**Student:** 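One structure, as structure tokens, below. Some questions next.
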Amino acid sequence: MVQLYRKKRIDIVVEAARARAIIEMIQAVGAKGYTIVPDVSGRGNRGVRDEGHLSDVFRNMLIIVIAAEEIANLIVEQSQPLLENYAGIVVVSDVEVIRDEHF
Amino acid sequence: MVQLYRKKRIDIVVEAARARAIIEMIQAVGAKGYTIVPDVSGRGNRGVRDEGHLSDVFRNMLIIVIAAEEIANLIVEQSQPLLENYAGIVVVSDVEVIRDEHF
Amino acid sequence: MVQLYRKKRIDIVVEAARARAIIEMIQAVGAKGYTIVPDVSGRGNRGVRDEGHLSDVFRNMLIIVIAAEEIANLIVEQSQPLLENYAGIVVVSDVEVIRDEHF
Amino acid sequence: MDTLLQLAIGNLLSPMVLFFGLGVAAGWLKSDLAIPEAISKGLSLYLMLAIGFKGGVELASNGVAGTIAVALVLALALSFSLPVLAYALLRTATRLDVPNAAAVAAHYGSVSIVTFVAATGFLGYRAIPYEGYVVAMLALMETPAIVTGLLLARRSKPAGPTASRSPFLSREVAREVFLNGGVVLLGGSFAIGWITGDNGMTVMAPAVVDPFKAVLAVFLLDMGLLVGRRLHDFRAVGWPVVAFGIYMPLIGGMIGLLAAYAIGLSLGGMTLVAVLAASASYIVVPAAMRVSLPQANPAIYVPLSLAITFPFNLIVGIPLYHAAAQWIAGM
Amino acid sequence: MDTLLQLAIGNLLSPMVLFFGLGVAAGWLKSDLAIPEAISKGLSLYLMLAIGFKGGVELASNGVAGTIAVALVLALALSFSLPVLAYALLRTATRLDVPNAAAVAAHYGSVSIVTFVAATGFLGYRAIPYEGYVVAMLALMETPAIVTGLLLARRSKPAGPTASRSPFLSREVAREVFLNGGVVLLGGSFAIGWITGDNGMTVMAPAVVDPFKAVLAVFLLDMGLLVGRRLHDFRAVGWPVVAFGIYMPLIGGMIGLLAAYAIGLSLGGMTLVAVLAASASYIVVPAAMRVSLPQANPAIYVPLSLAITFPFNLIVGIPLYHAAAQWIAGM
Amino acid sequence: MDTLLQLAIGNLLSPMVLFFGLGVAAGWLKSDLAIPEAISKGLSLYLMLAIGFKGGVELASNGVAGTIAVALVLALALSFSLPVLAYALLRTATRLDVPNAAAVAAHYGSVSIVTFVAATGFLGYRAIPYEGYVVAMLALMETPAIVTGLLLARRSKPAGPTASRSPFLSREVAREVFLNGGVVLLGGSFAIGWITGDNGMTVMAPAVVDPFKAVLAVFLLDMGLLVGRRLHDFRAVGWPVVAFGIYMPLIGGMIGLLAAYAIGLSLGGMTLVAVLAASASYIVVPAAMRVSLPQANPAIYVPLSLAITFPFNLIVGIPLYHAAAQWIAGM
Ligand SMILES: Nc1ncnc2c1ncn2[C@@H]1O[C@H](COP(=O)(O)O)[C@@H](O)[C@H]1O
Ligand SMILES: Nc1ncnc2c1ncn2[C@@H]1O[C@H](COP(=O)(O)O)[C@@H](O)[C@H]1O
Ligand SMILES: Nc1ncnc2c1ncn2[C@@H]1O[C@H](COP(=O)(O)O)[C@@H](O)[C@H]1O
Ligand code: NA
Ligand code: NA
Ligand code: NA
């Protein structure tokens with residue numbers, strides 16, 4: 001059987017205007033990769049966000065990062081100031097991956 | 001380190017025609033938010049579903065909800081009658097979030 | 001309360017050119033379904049992948065499978081040779097579902 | 001007066017039908033030729049806007065004849081009643097259960113806008129005029145059939161406790177019926193054409209008149225791709241139902257033709273009303289049925305109206321109904 | 001010279017405004033009529049390309065007058081200074097706090113391309129010429145207001161340690177300001193029109209001239225849908241702010257009109273500069289504000305410029321500014 | 001006969017090349033100007049449909065000369081054989097390994113439809129006619145080079161057990177080769193143009209002829225954006241390979257020119273065959289290579305054909321090949 005390694009998965013839903021800053025932070029803290037679902041809508045504390053048309057002002061993105069626990073902690077911490085004034089949530093869960101060195 | 005709180009994550013894949021009813025239920029049971037990936041395809045018991053063209057009849061949506069356990073239980077329970085006669089699955093997992101009061 | 005059953009969730013992010021082979025494998029090992037998010041971008045060992053335009057050569061897909069543990073193991077194992085030379089990651093996590101026989 | 005054969009060949013060799021054929025072939029052979037969904041939706045909105053606007057302008061320049069009210073009542077009557085006939089045929093000649101028969105029946109009372117537009121292209125190619133208000137008939141025929149279909153479905157016993165939950169015409173379905181995007185765009189453009197008349201046409205013509213037939217050809221290419229990919233769904237539908245997809249348009253078409261003749265429409269108008277009665281919805285009605293009759297299987301009604309009745313009308317039906325209209329008009 | 005009433009009615013009954021109204025009604029009634037986002041963006045790019053290109057060709061064929069430099073300076077001055085006036089009004093007459101007032105103010109210094117294009121359609125319908133370089137004014141007015149808005153926002157105390165992080169004009173905002181897609185396409189097409197002149201127009205005319213007004217009408221249908229869906233956001237905005245969305249364009253329009261008169265523009269040019277000053281951005285400025293003034297609430301400034309000022313200008317403003325321009329020109 | 005300089009300047013100042021340049025500049029400066037992907041795909045489908053249809057109608061009205069069969073065989077021969085030459089050059093002059101050299105070589109045996117279309121625009125601007133069946137040569141040249149590329153790649157030892165898994169021409173690649181969307185649409189439209197002839201052209205002209213060049217200009221704007229964003233990928237490719245992206249089209253172009261001269265094509269036809277031989281695929285072949293030669297790196301072959309050879313041909317190549325064709329024809 002293939003050997004699996006424990007990692008953290010972080011899902012960030014954030015308004016499009018803030019996605020770039022979040023992604024720069026993710027890379028800065030040393031995550032080796034990320035995946036973006038570019039166009040999601042939703043509802044949260046700041047009300048419905050689904051007006052994709054015209055501008056990105058009311059659009060969300062979903063960013064998924066798989067990373068080692070220490071890096072995951074950094075991402076969670078540093079996401080907080082970045083999300084001040086912006087719509088966004090950060091969700092952490094446990095996952096397993098195959099190639100340890102890849103993450 | 002930032003304090004994390006345990007929540008449930010519910011992923012619902014459902015045909016577009018039923019998404020509105022599911023989302024209304026999610027709000028009715030008291031979830032504070034949800035995220036929608038509007039355009040996913042897939043295969044399940046009801047065969048391949050990926051004909052996006054023309055109508056939404058063969059299109060799926062992915063709805064993600066983060067909620068406290070009691071609310072998550074309500075969502076799981078109440079999703080069952082709503083999915084009768086419709087294509088759809090409900091998947092629950094454990095996650096952690098930062099701001100407890102937000103969910 | 002509704003009875004929940006433990007399953008594995010496998011998230012595969014893979015370049016579009018390889019998605020078909022991965023999906024054929026998923027069905028071949030006996031998974032009863034899958035869901036595809038058709039258009040995700042990302043960054044990993046092979047650099048940024050987000051040029052959706054013109055061709056699918058620089059585009060990723062996200063494939064989600066819920067399956068029993070044995071089948072999940074098969075998917076993880078058999079995904080490895082298929083991903084050689086291709087951009088892609090495989091992530092496994094624990095989930096719960098309602099209808100056991102459905103997966 | 002053309003012979004039926006001439007009409008059929010002329011139709012077959014038009015760019016419209018040939019592009020449709022190209023699409024069917026490419027879809028069937030699993031070519032990766034694909035028109036982006038947004039373009040495809042855009043083209044279909046264009047066709048509705050253009051046909052509506054032109055109909056309105058026509059009405060404005062020709063004035064409102066007395067026939068128009070009669071024609072509109074006829075449209076409603078056809079859409080409400082044709083599903084009853086379709087349902088009776090389906091329950092007699094096929095094994096479909098009540099909800100599936102009701103759902104299919106609803107499709108045949110409603111109309112296919114593209115088939116209608118192709119028929120106007122067919123007439124335009126031959127310079128045969130038609131009454132502008134036939135477009136209003138088109139708009140009126142889209143949704144009443146949904147109501148009849150749901151009424152027919154009530155004949156099946158509600159199974160279990162959940163059934164009681166869905167009211168007869170839920171808010172969602174009512175919106176689908178009355179505020180459906182296609183109906184609103186078609187009706188709205190018709191009204192705008194009527195209000196602005198020839199002045200409006202000067203503004204809109206370079207977009208809605210000149211390239212109209214070419215856009216239709218491209219749209220039919222896309223329809224062909226969809227049909228080609230769905231051709232293999234035939235088998236799941238079953239032969240008795242497939243046969244219904246052929247004879248029902250013939251029956252509906254003849255009823256439409258006679259009704260149009262009875263109220264005194266022109267040759268072009270008769271052809272178009274026949275096409276309306278003969279054609280089956282594959283966008284509006286499926287969406288409504290999925291919401292309000294979930295027990296019915298979309299894998300039956302979508303391929304039936306899209307992959308069987310639509311190509312049949314496009315290739316065989318239109319010239320046939322027109323030949324029949326010529327014959328009746330010539331009597 | 002038309003009377004104001006004639007102008008107003010003529011405007012109301014144009015296909016452009018009627019399609020806009022159809023969209024508002026459909027959006028308000030929650031019809032599922034929707035134009036795919038890609039089509040909508042494509043139409044808006046088309047309008048910018050076409051209006052830019054035509055402006056450039058016009059300039060090439062009429063030659064560069066001395067006025068042009070003055071006009072461009074005027075454009076910059078208007079865009080830089082109008083937000084100051086808007087800010088003062090907002091802080092006096094509404095309860096908006098500093099960041100929100102600054103953000104709203106920035107929108108009113110900038111411009112709405114669609115309103116401008118609709119105004120050229122209005123003039124074209126009446127065969128009233130205008131100076132080609134007004135299009136360059138349009139391009140120049142899009143972004144300076146963002147800078148003023150951010151300067152105005154500085155008046156609020158930065159709250160907490162995070163505030164220090166965002167520099168005044170971040171790289172991201174600078175790019176938004178100078179390399180904004182709309183500005184680049186408008187300016188670039190203008191330059192290409194200028195360089196290629198009539199030869200270029202021969203190539204481009206079948207796409208950028210002939211169907212222009214019809215495309216505008218379809219785009220306005222889409223704008224109407226957006227506006228209709230946002231009409232209920234009114235309440236969240238508050239009446240004093242809604243009132244600002246009506247009187248600010250009137251004030252701005254009159255300032256633009258007088259300025260244009262002062263530098264000697266034609267009747268058409270005066271109308272258009274009034275429209276530029278009166279209109280408010282709802283794409284470029286919101287995006288810039290969201291990045292650089294996140295404390296301001298987009299649920300205030302987007303509905304205000306999109307659902308109040310835009311329709312007001314389209315329906316009432318354009319004929320009104322034109323009537324005023326006629327009156328001034330006739331003095 | 002124009003001088004080369006006149007041709008070059010005329011080409012540079014055409015709206016087509018200027019819009020391309022605008023796109024390159026905007027992409028390079030990271031402007032957020034972007035054409036929605038669906039629109040971009042729609043435009044490219046439009047160009048293929050239009051060029052195919054026009055070629056077919058031309059063939060129908062000019063009749064089938066004996067040359068046509070010879071021309072089609074020539075097209076196949078060029079596409080099959082050019083990769084061998086390209087491969088030899090790459091293995092001699094660059095450090096690319098076998099799979100990468102084979103993958104790049106395949107691109108240069110195939111063609112770029114947009115380059116071809118731009119060349120027809122160049123000829124159209126100068127009213128130079130060409131043989132309609134050159135379009136059929138275009139369709140035939142798209143995919144044979146893929147087969148040669150895969151054969152060349154076999155020269156590398158299969159590494160490890162997985163290599164045995166992929167058959168030479170998998171079902172997937174075979175479909176890519178024979179049922180590729182571009183080939184099907186181009187060939188199908190050509191056939192429909194041929195069948196419907198001038199009647200068909202009456203229907204299609206307002207869409208496929210009148211706005212053709214303007215649509216091409218808009219599409220080139222989009223191509224420019226893509227190229228501009230990929231310009232920095234240069235460095236990863238390495239200078240010897242970049243040089244290949246310049247001299248290979250020159251060599252291929254001259255071979256195509258001489259071959260076209262040998263079989264007696266007209267001035268326009270010679271220019272176009274030179275362009276076909278000189279141009280490199282950046283859609284069809286990359287997709288096929290990614291599936292069947294995954295060891296080859298797309299970050300080499302995509303920027304090479306898209307960001308180097310494509311602009312080179314568009315700006316320098318087309319007028320150059322045309323000048324050479326004039327020179328040969330004038331001998
Ligand atoms: N409980 C939740 N479950 C899933 N997604 C959520 C939840 N709350 C917020 N979101 C997503 O996060 C975005 C921003 O949330 P907020 O900052 O609360 O407005 C929303 O638009 C949703 O897409
Ligand atoms: N085992 C599975 N793993 C992931 N997604 C699934 C699975 N089964 C079903 N789905 C998704 O749920 C939709 C409805 O499933 P079903 O009701 O089984 O037809 C499918 O179209 C898939 O998108
Ligand atoms: N650490 C990661 N977290 C999330 N997604 C990743 C990660 N690494 C890679 N990916 C995704 O997987 C794709 C292929 O990765 P790779 O094979 O490493 O280039 C990338 O383009 C990303 O979309
Ligand atoms: Na019917
Ligand atoms: Na303004
Ligand atoms: Na070539």
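Please read all numbers here as calculations on a predicted model, not as lab measurements. Each chain gets a letter, A, B and so on, in the order its sequence line appears, and its residues count up from 1.
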**Student:** Enter the distance from F/Leu18:CG to E/Phe53:CZ here, rounded to the nearest 0.5 Å.
**Tutor:** 9.0 Å

**Student:** Roughly how far, to the nearest 0.5 Å, is CG of E/Leu185 from CG of F/Leu225?
**Tutor:** 9.0 Å

**Student:** Side chains of E/Thr196 and F/Leu13: closer than 4.5 Å at any heavy-atom pair?
**Tutor:** no

**Student:** Let me know if E/Tyr46 has heavy atoms under 4.5 Å from chain F in its side chain, its backbone, both or neither.
**Tutor:** neither

**Student:** Any chance you could measure E/Leu186, atom CG, to F/Leu33, atom CG, to the nearest 0.5 Å?
**Tutor:** 11.0 Å

**Student:** Nearest heavy-atom pair of F/Leu221 and E/Leu49: which atoms, and what distance?
**Tutor:** CD2-CD1, 4.3 Å

**Student:** Which atoms of F/Leu22 are under 4.5 Å from chain E, going by heavy atoms: the side chain, the backbone, both sets, or neither?
**Tutor:** side chain

**Student:** Roughly how far, to the nearest 0.5 Å, is the CG atom of E/Leu179 from the CG atom of F/Asp32?
**Tutor:** 8.5 Å

**Student:** Nearest heavy-atom pair of F/Ala214 and E/Ala207: which atoms, and what distance?
**Tutor:** CB-CB, 3.3 Å

**Student:** Checking E/Ser189 against chain F: side chain, backbone, both or neither under 4.5 Å from a heavy atom?
**Tutor:** both

**Student:** Should E/Val203 and F/Tyr125 count as side-chain neighbours, where that means a heavy-atom distance under 4.5 Å?
**Tutor:** yes

**Student:** With a 4.5 angstrom heavy-atom cut-off, which part of F/Ala25 approaches chain E: side chain, backbone, both or neither?
**Tutor:** neither

**Student:** State, with a plain yes or no, whether a side-chain heavy atom of E/Leu45 is found less than 4.5 Å away from one of F/Pro36.
**Tutor:** yes

**Student:** Which atoms of F/Leu216 come close to chain E, meaning under 4.5 Å heavy atom to heavy atom: side chain ones, backbone ones, both, or neither?
**Tutor:** neither

**Student:** Go through the atoms of E/Asn199 and report whether side chain, backbone, both or neither lie under 4.5 Å from a heavy atom of chain F.
**Tutor:** both

**Student:** Can you tell me which portion of F/Phe212 sits under 4.5 Å from chain E's heavy atoms? Options are side chain, backbone, both or neither.
**Tutor:** neither

